[in-house]
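Structure, as structure tokens:
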There are 2 protein chains.
Amino acid sequence: MHDQHSQALKGLKLKATPKRLAILNLLAEESVYTSPEEIWRKLQGKFGRLGLPTVYRNLEELAAGGMISKVIHPNRQLYYYFCPNRHHHHHFICISCRKVEDIDFCGMEEITKNVSGTVLSHIVQVNGLCRACSNRQEGGAS
Amino acid sequence: MHDQHSQALKGLKLKATPKRLAILNLLAEESVYTSPEEIWRKLQGKFGRLGLPTVYRNLEELAAGGMISKVIHPNRQLYYYFCPNRHHHHHFICISCRKVEDIDFCGMEEITKNVSGTVLSHIVQVNGLCRACSNRQEGGAS
DNA sequence: TGCGTAAATGGAAATCATTTCTTTTTAGAA
DNA sequence: TTCTAAAAAGAAATGATTTCCATTTACGCA
Ligand SMILES: [Zn+2]
Ligand SMILES: [Zn+2]
Ligand SMILES: [Zn+2]
Ligand SMILES: [Zn+2]
């Protein structure tokens, strides 16, 4: 009722439960994309009990509602990221340190026009090594 | 030594084994993206024995070599697709009938310039319903 | 402010696609 | 034909994610 996230949750018809808010807040503080299990571990202390399924469920709901975004990882596990940038955009993700950088380009308007059918969603993601990890690797090589 | 696929495999330093070629040929005939298990089922008859791990292994190698492409599916399972279109492009996939349509647009040159780091790969995929499935659904609704 | 109800949660258990391991077989170069 | 690294089989493991259901909770409403 006073918190920004609570408002957004209301918009999605999701109850503002303490755990849901905690998950959201944790992700919002986190600067890298994160796995459900990591989130679960970090929040265990703050709650007497917290089920892993609860974390999975919430992340999925939040992602479905557009409050957080999924990261497609080569290892095929689930990762989520909260991006303060509220307009439509995509991400460059570092597969080493998990940093995320915004990509403000999206060619979907163009593409959608040339597709024969109904577009339901689209994925645009660039994978690589961020500047820091890129340099580190370069330096580390013999 | 005579087959087109064999040549390509040679280029990737992969032996042209009967099973590998069969997998490749099956995918090439298939008009939709397909799962490892489906490929395995369809090829069981042609070989006395065919291990599911063999199918998984081959698909991964072929994808790594760029001979086939992976499809990112909402259900998070693996799907592969052989696209005759040999130049760089992306896909519109129907999540209902699994049809694939080429998208000849890719903004990666632009994007890569604005990314601070090393780009290793990129994903561009449009998910939706193809014309046929789209109409079918529309008609089916009350 | 107290109720009622749908939504949310915990915890244990299941799932099941994918991977790993080890032994045996085979493609392809010499 | 011989040799060797690559490929394949088969069984077993894996482990992230999901399911189930009993219990608790948020919150709209009287
Ligand atoms: Zn972003
Ligand atoms: Zn977009
Ligand atoms: Zn294509
Ligand atoms: Zn591209």
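In what follows, every chain begins at residue 1, and chains take the letters A, B, ... in the order their sequences are listed. For the numbers below, each heavy atom of this structure counts, side chains included, while hydrogens, waters and symmetry mates do not.
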side-chain N/O [X] vs [N] OP1/OP2, d < 4.0 Å:
X	N	value
B:Lys19	D:dA9	yes
B:Arg76	C:dA17	no
B:Asn75	C:dA17	no
A:Arg20	C:dA8	yes
B:Thr17	D:dA6	no
A:Arg49	C:dG11	yes
B:Arg57	C:dT19	no
A:Tyr56	D:dT18	no

Along DNA chain D (nearest heavy atom to each residue), the more 5'-positioned of A:Pro53 and B:Lys13: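 The residue whose closest nucleotide sits nearer the 5' end is B:Lys13.
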Given DNA chain D, 5'-ward residue of the pair A:Ser35 and B:Glu61, judged by closest heavy atom: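 With A:Ser35 and B:Glu61 compared, the 5'-side residue is B:Glu61.
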Ion pair check, A:Lys42 and A:Glu29, cut-off under 4.0 Å: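 No, no charged N to carboxylate O under 4.0 Å.
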Cation over ring face, A:Arg76 and A:Tyr79, 6.0 Å, 45°: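 No, A:Arg76 does not sit over the ring of A:Tyr79.
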Row check, A:Tyr80 ring normal vs A:Lys70 NZ/CZ: under 6.0 Å, within 45°: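 No, A:Lys70 does not lie over the aromatic ring of A:Tyr80.
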Donor on one side chain, acceptor on other, B:Asn135 and B:Gln137, under 3.5 Å: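 On atom types as modelled, these side chains do not qualify, holding no pair under 3.5 Å.
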Gap between atoms CD1 and C1', on B:Ile39 and C:dT18 respectively (whole Å):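 Answer to the nearest Å: 14 Å.
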B:Leu52 CG to C:dT20 P, straight-line distance once rounded to whole Å: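 Whole-Å distance recorded here is 14 Å.
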